[in-house]
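Please read these numbers as outputs of a predicted model, since none were measured by experiment.
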Number of protein chains: 2
Amino acid sequence: MAEKIKMNRSPVTLKDISQRTGYSVNTISHALNGKKDISDKTRKLIAETAEEMGYIRNSLAGGLRSGITGTIAVIVSDISNPLFGIMVKEMEILLRKWNVNLFIMNTNEDAATEEKAILSALGHNVDGLIICPTQKDSDILHRLDMEHVPYVLLGRKPNGESASNYVVWDDFQGGYEATKYLISLGHKRILCLSGPSYISSAKERLAGYHQALYEAGIPLCPELIHEVQPVGEDLKEILTDSFALPDGFTAVFAFSDMIAWETIYQLNELGKKVPEDISVVGFDGIQSKMPFPCKLTTILTPKTKMATQVVKTLMNLIYQKFEAVTQTTIPVQLIVRDTTQAK
Amino acid sequence: MAEKIKMNRSPVTLKDISQRTGYSVNTISHALNGKKDISDKTRKLIAETAEEMGYIRNSLAGGLRSGITGTIAVIVSDISNPLFGIMVKEMEILLRKWNVNLFIMNTNEDAATEEKAILSALGHNVDGLIICPTQKDSDILHRLDMEHVPYVLLGRKPNGESASNYVVWDDFQGGYEATKYLISLGHKRILCLSGPSYISSAKERLAGYHQALYEAGIPLCPELIHEVQPVGEDLKEILTDSFALPDGFTAVFAFSDMIAWETIYQLNELGKKVPEDISVVGFDGIQSKMPFPCKLTTILTPKTKMATQVVKTLMNLIYQKFEAVTQTTIPVQLIVRDTTQAK
DNA sequence: AATAAAACTGGAAACATTTACGGATATGGG
DNA sequence: CCCATATCCGTAAATGTTTCCAGTTTTATT
């Protein structure tokens, strides 16, 4: 952070209002904040003068003294991912009602960036954090625990036996239902395009996939399970290789809509039609909030509900000091559309 | 903002480091900030002690005294719109290098919300703002001018003769090229799905549309020009009505990719094929950053360039006090893909 | 060895607000 | 009329940092 050449605002302060009205700075503060015993007449006069003079409360000074800054940091992997965009928007609108402002930070799934972001947030004395953790082991969350900073994990459960508060979707259920549905359509060779195994949601979706296969008595084929990158260049190769397997594959379960779309695109490039040749199921249901022409069969994850629940949990932690651990799992829903059909 | 029950952090302060090392608070501050003459030995010792004690600079206190908070507010209509998501992400990553944090705020294209957001940002003493203004007349930008708060407009030019700094795409060029291209394919009845006329970018795109028609000697049909809402329920009606016109239409120029996608979807619902029956051109080129299966012909607006330029302009304003007005127009590019064909 | 300059460090004020505490005036009941 | 209580308001300390001003020690130069 370079050096700013000179201060350019000279905002009106409580002192200014004090001089104008004749009341003490203290009284002004109390009047504006509804504290203490101030006569209605005085309160009204002060409020009007403040308004007239264009007073804006200085959150830095207030926060410094009181410990409440009215700020929350939201730390996600990638705000340009509509999944996060939708939720962050929802949160921001909710929080504005309480005059709480949002810092937004991207980790890019990098642990060092995550740590830097969290420390920076702490330096700004945020009242709390909402974090979609990278889960590449880092002890930064422990630090938050140590310092008793309220935070809620978004979409991913903590590693190990941590008692962090979190809100997640039912990823196991989603993996299970997606796979079971494909099986019900007669598919047996289901390519699974998973996420990194250290991320809890990917782990659970994969467990759901396993469970569905197991219940249907279909043998598990490790060569049909791949970890792909968010926007993977390796996808084409995976598809080509999988077609070359002895039994090939007839369906794809992708762990995000982004991956599903990319898969459909690559399948087209390879001359395969969806759903005639290959069925594809996604995960997220981003489409439900955005009008894309391609109607993807997917697992719908309720994003508004998630955003609301996360905010509610955090506000409880901060303001009610509701110390009990709150861990919420939100059910998901299979949405059948146009990218799947019976084999 | 409710009341927080009690302070829960007791962070290590300069005073703590002072007591541990025996140096004055003043010296600690200077050592950590590279100011004044501090011996390398002392500086190193202080830095190590700070590190060891887990010191985090309190930006509130620092900002209060120095006037520099290391925060910037980004105010857009809708962070869940990937167009903004992509740019905000880019900005955040750029600014993190200077240890600058981003407040994100949604206006939802509402002037009152915009004003509230900006005032809130001022209360947090942001060093500057990046604003995609609603342009529904409000004098809030004047206030920023009055108070000499650095800000840069994003994607929209100021109303009237304001001397605001801005970075925009060449919307006129985009509107012109999109229309000209459709004309070159033999289209004469081009439905124009515009945005609100009080928004500068929409105005300019429409002017480009006019110009292209004019140059080609094609008469302007007011009934082919419609203002549509971001995610409009009225779209279906517009399309149906337009088909019912004496000469109908054979092509659509949509002012955003979102609208283009929605249009294609609705056209399919109406039994029309794209591009066989109707050609569609979008605006934004969101697809270029996201792998959707539908390859839309569109006007590509360089988003990374925009984000970089906005940040650069703002940083100049804040730190170099570069008072001259900076107004940048970034060229756009027609990308021909699969939703257009000759008539 | 004297003197100037450079290197190094501290004290205290300032930023704008909140809060703990206490003082003053008015109201009401006995 | 007196005391208790409620109502209304002010003083001063506190938050953690930066900055102004100044002081002391060390090094370099003649």
Side-chain angles (χ1 to χ4, degrees), chain A residues 1-19 21-46 50 53-70 99 122-125, chain B residues 1-19 21-46 50 53-71 99 122-125 127:
Chain A
M1 211 173 55
E3 191 160 357
K4 201 155 74 166
I5 304 306
K6 78 182 168 94
M7 253 305 271
N8 15 31
R9 284 184 76 210
S10 42
V12 14
T13 69
L14 291 185
K15 201 165 149 196
D16 298 325
I17 305 181
S18 163
Q19 278 161 0
T21 59
Y23 291 105
S24 76
V25 167
N26 176 336
T27 301
I28 310 289
S29 170
H30 281 276
L32 292 178
N33 294 321
K35 301 278 182 74
K36 233 182 170 183
D37 310 308
I38 308 277
S39 71
D40 279 352
K41 209 183 91 198
T42 309
R43 194 185 299 279
K44 188 149 169 278
L45 170 69
I46 291 178
M53 297 178 76
Y55 171 75
I56 305 176
R57 175 178 179 275
N58 185 324
S59 301
L60 294 192
L64 182 59
R65 171 64 230 231
S66 71
I68 312 173
T69 56
N99 281 317
L122 289 183
H124 282 274
N125 286 26
Chain B
M1 209 172 56
E3 192 160 355
K4 202 156 71 167
I5 303 308
K6 76 181 170 94
M7 253 305 270
N8 15 30
R9 283 184 75 210
S10 44
V12 14
T13 70
L14 291 186
K15 200 165 148 196
D16 299 324
I17 306 181
S18 164
Q19 279 161 359
T21 58
Y23 291 105
S24 77
V25 167
N26 177 338
T27 300
I28 309 288
S29 171
H30 281 276
L32 292 177
N33 294 321
K35 300 279 180 71
K36 235 179 166 182
D37 309 308
I38 307 277
S39 71
D40 279 351
K41 207 182 94 202
T42 309
R43 193 185 299 279
K44 186 149 171 280
L45 170 68
I46 291 177
M53 296 178 76
Y55 171 74
I56 304 176
R57 174 177 179 276
N58 184 324
S59 300
L60 295 192
L64 182 59
R65 171 65 231 229
S66 71
I68 312 172
T69 56
T71 55
N99 280 318
L122 289 183
H124 282 274
N125 286 26
D127 295 335

Using atom names, set out every protein N or O paired with an N or O of nucleotides 23-29 of chain D below 3.5 Å, distance rounded to 0.1 Å.
none

- Message: Does Gly123(A) reach a base, just sugar-phosphate, or nothing at all? Heavy atoms under 4.0 Å.
- Response: nothing
- Message: Tell me the interatomic distance from Ile28(B), atom CD1, to dC8(C), atom P, rounded to whole angstroms.
- Response: 15 Å
- Smallest heavy-atom separation, Leu14(B) atom then Tyr55(B) atom, equals CD2-OH, 3.4 Å
- Query: Starting at CG of Leu122(A) and ending at C1' of dG16(D), how long is that distance when rounded to a whole Å?
  - Reply: 16 Å
- Asp127(B) to Gly70(B) - nearest heavy-atom pair and separation: OD2-N, 2.8 Å
- Query: Between dT9(C) atom C1' and Leu32(B) atom CG, what is the distance in whole Å?
  - Reply: 15 Å
- Taking atom P of dA6(D) as reference, at what distance in whole Å does atom CD1 of Ile38(A) sit? 18 Å
List every contact pair, protein side and nucleotides 16-18 of chain C side both N or O, where the distance is under 3.5 Å.
| unit_1 | atom_1 | unit_2 | atom_2 | d |
| --- | --- | --- | --- | --- |
| dT17(C) | OP1 | Tyr55(A) | OH | 2.7 |
| dT17(C) | OP2 | Leu14(A) | N | 2.7 |
| dT18(C) | OP1 | Asn33(A) | ND2 | 3.4 |
| dT18(C) | OP1 | Arg57(A) | NE | 3.1 |
| dT18(C) | OP2 | Ser29(A) | OG | 2.6 |
| dT18(C) | OP2 | Asn33(A) | ND2 | 3.2 |
| dT18(C) | O2 | Arg65(A) | NH1 | 3.0 |

- Item | Rounded distance (nearest 0.5 Å) linking atom CD1 of Ile17(A) with atom CD1 of Ile28(A) | 6.0 Å
- Task: Taking all heavy atoms of Pro11(B) and all of Asp16(B), pick out the closest pair and write down the distance.
- Result: O-OD2, 3.8 Å
- Who pairs with Thr27(B) by side chain to side chain contact (heavy atoms under 4.5 Å, CB included), at least two apart in sequence or on another chain? Tyr23(B), Ser24(B), Ile38(B), Ile46(B)
- Given atom CZ of Arg43(A) and atom P of dC9(D), what is their separation to the nearest angstrom? 9 Å
- Could you state the atom-to-atom distance from CD1 of Ile17(B) to C1' of dT17(D) in whole Å? 12 Å
- Message: Which heavy atom of Val12(A) sits nearest to which heavy atom of Gly54(A), and what is that distance?
- Response: CG1-O, 3.6 Å
- Query: CG/Asn125(B) to OG1/Thr71(B) distance, rounded to the nearest 0.5 angstrom?
  - Reply: 7.5 Å
- Supply the atom-to-atom distance Thr13(A) OG1 to Ile56(A) CD1, rounded to the nearest 0.5 angstrom. 12.5 Å
